[in-house]
Amino acid sequence: MVLVVSEEVREALDSRRPVVALESTIIAHGLPRPRNLQVARELEEAVRREGAVPATIAVLDGRPYVGLGEEQLERVAGEDGIRKLGHRDLPLAVATGASGATTVSATAALAAGAGIRVFATGGLGGVHREWTVTQDESADLGLLARTRITVVCAGVKSILDVPATLQRLETLGVAVAGYGTDRFPGFYLSDSGHPVDWTLHAPEQVAAVMRAQDALGAPESALIVANPVPVEEQLDPEVHARVLADALGACAESGITGQAVTPFLLDHLVRHTDGASLSANLAAVRGNVRLAARVAAAWTQV
């Protein structure tokens, strides 16, 4: 695959200025129109306000783009038929000339291929509930185990099996640190109920860990910086627990399995919290984007 890196992103990388990769699935599949385009622009602007260059990533007509122009951003936000691409789908999309929005795994793979070290997203995928029955685990985890990139996120989606995901990340050798917290966040929630072993308190500390990864010659795995949504902007934990239990019950009754489970549960949460889960989602993403830009700036300092 030949990456199409925008001129702005290429110039920033060549001159060692900070760059932050952004996924496009939230634009194409995570938000309703036209709000999705507004949020896409807002997130890019938030990166710029912190002094970094945004690199939103997507595949258009079989070409992987790292850094989208305005017309391309509008295509991802408004065009019907935009696929959802994990990293395994990239060769297929390229060979068939397909267009698709990139998930965490595909975004991380393409960003790392372009030489970008810092990536901001909402929440990671992970091990699904009832894994012993379904064997359902997000491709995010395996990809991050072999990709040298720093992912600023709000933990993993709270609809997942959080302790099993943390155990799987440990097994895979993926470093995890809470940002300003010793608790692992749960996407909509500031605290998933589970601890983390390491806490970092400043972008410069994150950058120091990144440099230590390189200096030690460690395996090419990611660093996950788990940045909690502010408590005042999280989804009410009691509402979250009640609505998620209802959603899991409805999912089982409907016989929904596999890849259809996550979008079903997320949609149920949005509809049955009067949009509060979406607000918490966006608050988390905004905070992650700002922090990622600061980490990228610290990383590029000599």
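Starting from 1, each residue takes its place in the sequence as its number. Computation of the quantities below employed the complete heavy-atom set of this structure, encompassing side-chain atoms and omitting hydrogens, waters and symmetry-equivalent molecules.
- Put simply, the side chain of Thr273 gets close to the backbone of Ser277: a donor and an acceptor are under 3.5 Å apart.
- Here the side chains of Asp246 and His272 are not in contact, with every heavy-atom distance at 4.5 Å or above.
- Thr25 places a side-chain N or O within donor-acceptor distance of the main-chain N or O of Thr102, the cut-off being under 3.5 Å.
- Enclosure of atom CZ in Arg63 is not indicated, since only 12 or fewer non-hydrogen atoms of other residues, nucleotides or ligands lie within 6.0 angstrom.
- The OG1 atom of Thr107 sits 9.0 Å away from the CG atom of Leu22 when rounded to the nearest 0.5 Å.
- Note on Leu166: it clusters hydrophobically with Ile224, by side-chain heavy-atom contacts below 4.5 Å among ILVMFWY residues.
- For the pair Arg17 and Thr300, the minimum side-chain heavy-atom distance is 4.5 Å or more.
- The backbone N or O of Ser190 sits nowhere less than 3.5 Å from a side-chain atom of Arg183 that would complete a donor-acceptor pair.
- For the side-chain hydrogen bond (donor to acceptor under 3.5 Å, both in side chains) test, no residue two or more places apart in sequence or in another chain qualifies with Glu45.
- When all heavy atoms of Gln213 and Arg117 are compared, the pair lying nearest together is OE1-NH2, 3.3 Å.
- Using a 4.5 Å heavy-atom cutoff, the side chains of Val127 and Leu160 are not in contact.
- Here the side chain of Arg148 pairs a donor or acceptor atom with the backbone of Ser221 at under 3.5 angstrom.
- At least one side-chain heavy atom of Leu144 sits less than 4.5 Å from a side-chain heavy atom of Val151.
- Counting only distance, with no hydrogens or angles, the side chain of Arg75 and the backbone of Glu71 share no donor-acceptor pair below 3.5 Å.
- Closest heavy-atom contact between Gly122 and Val285: CA-CG2, 3.7 Å.
- Separating the CG atom in Leu31 from the CG atom in Leu37 is a distance of 11.0 Å, to the nearest 0.5 Å.
- Both Ile116 and Leu85 sit in one connected hydrophobic cluster of ILVMFWY residues. Membership requires side-chain heavy atoms under 4.5 Å apart, directly or through other members.
- Partners of Glu50 according to the side-chain hydrogen bond (donor to acceptor under 3.5 Å, both in side chains) rule, which considers only residues two or more places apart in sequence or in another chain, are Arg294.
- Of all heavy-atom pairs between Pro32 and Leu278, the closest is CD-CD2, 4.5 Å.
- Rounding to the nearest 0.5 Å gives a distance of 8.0 Å between OG of Ser24 and NE2 of His29.
- Here the OG1 atom belonging to Thr199 is positioned 11.5 Å from the OH atom belonging to Tyr179, to the nearest 0.5 angstrom.
- Checking side-chain atoms of Asn288 against main-chain N and O of Ala120 turns up no donor-acceptor pair under 3.5 Å.
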Quiz item: Which is it for Val289 and Val20 under the side chain to side chain contact (heavy atoms under 4.5 Å, CB included) test, yes or no, and what are the steps along the way?
Solution: CA-CA 8 Å; Val289 164; Val20 175; 5.7 Å; no
Practice problem: Given side chain to side chain contact (heavy atoms under 4.5 Å, CB included), test Val4 with Arg10 step by step and report yes or no. | Solution: CA-CA 10 Å; Val4 183; Arg10 175 53 56 202; over 6 Å; no
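- Members clustered with Val231: none, using a 4.5 Å side-chain heavy-atom cutoff among hydrophobic residues.
- Under a hydrophobic-cluster definition in which Ile, Leu, Val, Met, Phe, Trp and Tyr are linked whenever side-chain heavy atoms come within less than 4.5 Å, directly or via other members, Leu235 and Phe264 are assigned to the same cluster.
- Inter-residue side-chain proximity for Arg16 and Trp299 is flagged as met; some heavy-atom pair is nearer than 4.5 Å.
- The closest donor-acceptor contact from the side chain of Glu233 to the backbone of Pro230 lies at 3.5 Å or more, if one exists at all.
- Rounding to the nearest 0.5 Å places NE2 of His268 at 6.5 Å from CZ of Arg271.
- By the neighbour-count criterion of 12 heavy atoms within 6.0 Å, atom CD of Glu238 is sparsely surrounded, having that number or fewer from other residues, nucleotides or ligands.
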Quiz item: Please walk me through it: do Glu42 and Arg286 pass side chain to side chain contact (heavy atoms under 4.5 Å, CB included)?
Solution: CA-CA 9 Å; Glu42 176 191 339; Arg286 291 183 184 106; 2.3 Å; yes
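- Looking at every heavy atom in both residues, Ala108 comes nearest to Ile149 through O-CD1, 3.9 Å.
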Practice problem: Decide side chain to side chain contact (heavy atoms under 4.5 Å, CB included) for Val225 and Leu223; before the verdict, give the C-alpha distance in whole Å, the side-chain angles of both, and the deciding distance to 0.1 Å. | Solution: CA-CA 6 Å; Val225 179; Leu223 167 63; 4.1 Å; yes
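- Looking at Glu23, its side chain never comes within 3.5 Å of a backbone N or O of Thr103 through a donor-acceptor pair.
- No continuous path of ILVMFWY side-chain contacts below 4.5 Å connects Val47 to Met210, so the two sit in separate hydrophobic clusters.
- Within the 3.5 Å criterion, the main-chain N or O of Ala28 finds no donor-acceptor partner in the side chain of Asn36.
- Side-chain contact between Ile57 and Tyr65 is absent, with no heavy atoms from C-beta onward closer than 4.5 Å.
- Partner Phe187 forms a side chain to side chain contact (heavy atoms under 4.5 Å, CB included) with one of Asn281, Val156, Val229 and no other, that one being Asn281.
- Leu3 and Val76 end up in different hydrophobic clusters when Ile, Leu, Val, Met, Phe, Trp and Tyr side chains are linked at under 4.5 Å.
- Under the 4.5 Å side-chain criterion, counting only non-hydrogen atoms from C-beta, Arg41 is in contact with Glu70.
- Rounding to the nearest 0.5 Å places CG of Leu68 at 5.5 Å from OG1 of Thr56.
- Residues Gly69 and Gln72 come closest through the heavy atom pair N-OE1, 2.8 Å.
- With a 6.0 Å radius and a threshold of 12 heavy atoms from other residues, nucleotides or ligands, Asp274 has its CG atom at or below the threshold.
- Shown here for Leu13 and Ala114, the closest heavy-atom pair between the two residues is CD1-O, 3.3 Å.
- In this structure, Leu43 and Ile27 have side chains that are not in contact, with every pair of non-hydrogen atoms separated by 4.5 Å or more.
- Between the side chain of Ser105 and the backbone N or O of Leu143, no donor-acceptor pair lies under 3.5 Å.
- For CD of Glu232, the number of neighbouring non-hydrogen atoms (other residues, nucleotides, ligands) closer than 6.0 Å is greater than 12.
- Summarising the local packing, CZ of Arg83 is surrounded by 12 or fewer heavy atoms from other residues, nucleotides or ligands at distances under 6.0 Å.
- Ion pairing of Arg168 with Asp161 is absent here, as no side-chain N (NZ or NE/NH1/NH2) approaches a carboxylate O to less than 4.0 Å.
- A salt bridge does not link Lys84 to Asp89: none of the charged side-chain nitrogens sits closer than 4.0 Å to a carboxylate oxygen.
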